[in-house]
Protein chains: 2
Amino acid sequence: MKTREKLLLKAEILFSERGFYGTSINDVAAELTISKQGLLHHFPSKEKLYAAVLESAVTHLVENLKPNIEHELAPREQLLNLLNVLAAPDKRTHRVILLLMRELLDNKERSEHAHQWFLKPVLDHLEGLVKASQKQGHFQEIKPLAFIYQLLGAVQYFLISEPTLKKLYSAKTFKTLKKQHLLELERLITSAY
Amino acid sequence: MKTREKLLLKAEILFSERGFYGTSINDVAAELTISKQGLLHHFPSKEKLYAAVLESAVTHLVENLKPNIEHELAPREQLLNLLNVLAAPDKRTHRVILLLMRELLDNKERSEHAHQWFLKPVLDHLEGLVKASQKQGHFQEIKPLAFIYQLLGAVQYFLISEPTLKKLYSAKTFKTLKKQHLLELERLITSAY
DNA sequence: TTGACACCTTACCGATTGGTAGGTAGCCTG
DNA sequence: CAGGCTACCTACCAATCGGTAAGGTGTCAA
């Protein structure tokens, strides 16, 4: 892997764990045993590095979701697939979700970043999916976008709660809670169908 | 208002907007036109200040929810009330939710803070509420804790998404989306009842 | 009247922050 | 083999970080 990619990956990890202000470019570089100026050669400023991380993160997320939601599956199955990918994400996807959650919290201030436009297509696609399904007589009772946002919110909030919930409950209790939470969301989809 | 309270309030605002690392004690003090050392007189360290903010925030949240959920209302109405308080919170409650969301994201690292134990009673109460209701024949299909977490997650995630959604959609579209989102969650409760 | 305390100040500290300046070693191309 | 480009380096910078030391001022009780 090239140095630039290594930097991008390590920065993604640190930004997602500690946030923008909690991460110094020195930390990022040091973990790869290169100097801070080595990093600044590839990314001319911290902001630029962060922007690059965001972009690659969003790209990864979209690419990761695409095969599950843009396939020739029935809308109901696409939603169920989406849910399962988000509820039990691979490590990188997990990181990306945390990162974007932080960005959601921060971007009232540092609001220039474009990730929203990257994610909008996904949102649009899902909305269109449900709407199309409604024309065939399904999902009659729901408002598409609100419904989807409800799903995304519940599953992502649970994800960031995991460390705390693990401390709050026993490992076993947590595990069943996690399973039940996913089942509840699946039931939400199938019962609205 | 005493200086200490003013500091606590201002710190709550800044921590909720910029996070722990994004806020300096100098910023907090300067906004009240007192010196940094004036602040350090009341709170001996930044960590102590943050801990005090967290505690007062959690206390406020619990006190704010209590009258809505510990009243002599039927469980179903208590849940609906809770939802409405969280979905359209007053400014301070809004801030507190953002703050605790950040804490949820951060506490894998800086994990000593006790807010989880403060919030657990609320969680327990809600869970007990649903369980009691189940014994009377309601909410038969759901797992109480998972169901509640689903509600809390959806409503809080929507809250932190608001600035981004406002940019993504027109003011009018956003407003109806917000209303629909709340209605969906209310429908979720009433249909599960 | 004295002294203890709460509440604040200025002055200062070492460490760390993001970033600049200026170099150097290796490689590719003319 | 000359020149330029990529990919780093050391050295340095001003600004800001959280925090200490020491002192001033007002209030209030002994």
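Below, chain A is the first sequence line, B the second, and so on; all start at residue 1.
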Item to complete: Just call it for A/L40: base, sugar-phosphate, or nothing, with non-hydrogen atoms closer than 4.0 Å on any strand.
Response: base

Using only side-chain N and O atoms of B/H41, determine if any of them is under 4.0 Å from OP1 or OP2 of C/dC8.
-> no

Atom CG of A/L14 and atom C1' of C/dG18 are separated, to the nearest Å, by 16 Å

- Message: Once hydrogens and angles are ignored, does a donor-acceptor distance under 3.5 Å link the base of C/dG19 to the side chain of A/K36?
- Response: yes

- Indicate whether OP1 or OP2 belonging to C/dT17 is found under 4.0 Å from a side-chain N or O atom of A/S24. yes

Using OP1 and OP2 only, check whether a side-chain N or O of A/T3 sits under 4.0 Å from D/dC8.
yes

For this session: Examine A/Y149 together with B/Y157 and report whether their ring centres are nearer than 6.0 Å.
Result: yes

| said: If you apply the rule salt bridge (Lys or Arg N to Asp or Glu O under 4.0 Å), what do you find for A/R95 with A/E12, and how did you get there? | reply: CA-CA 8 Å; A/R95 273 205 309 271; A/E12 183 182 289; 3.2 Å; yes

A/L32 atom CG is separated from D/dC9 atom C1', nearest whole Å, by 16 Å

* To do: Describe, in one word, how the ring planes of A/F139 and A/F147 are oriented to each other, choosing from parallel (under 30°), tilted (30 to 60°) and perpendicular (over 60°).
  => tilted

Subject >> Verdict with reasoning, A/D124 to A/K120, per salt bridge (Lys or Arg N to Asp or Glu O under 4.0 Å) >> reply: CA-CA 6 Å; A/D124 288 345; A/K120 183 132 194 302; 3.4 Å; yes

Atom OH of A/Y50 and atom P of C/dG19 are separated, to the nearest Å, by 15 Å

From CD of B/Q37 across to P of C/dA11 the rounded distance in Å is 12 Å

query = Would you say C/dA6 has OP1 or OP2 under 4.0 Å from some side-chain N or O of B/H42?
reply = no

Residue pair A/T33/B/N26 against DNA chain D: nearer the 5' end by closest nucleotide is A/T33

Q. Within the structure shown, what part of the strands sits under 4.0 Å from A/S35 by heavy-atom distance: base, sugar-phosphate, or nothing?
A. base

Between OH of B/Y21 and C1' of C/dG18 the distance, given in whole Å, is 18 Å

In whole angstroms, the gap separating C1' of D/dG19 from CD1 of B/I25 amounts to 7 Å

Assign each of A/D27 and A/P44 the nucleotide of DNA chain C bearing its closest heavy atom; nearer the 5' end lies the nucleotide of A/D27

Atom CZ of A/F43 and atom P of C/dT20 are separated, to the nearest Å, by 16 Å

Is the backbone N or O of A/R187 less than 3.5 Å from a side-chain atom of A/T190, with the two atoms forming a donor-acceptor pair by type? yes

Rounded to whole Å, CZ of B/F20 lies from C1' of D/dC17 at a distance of 11 Å

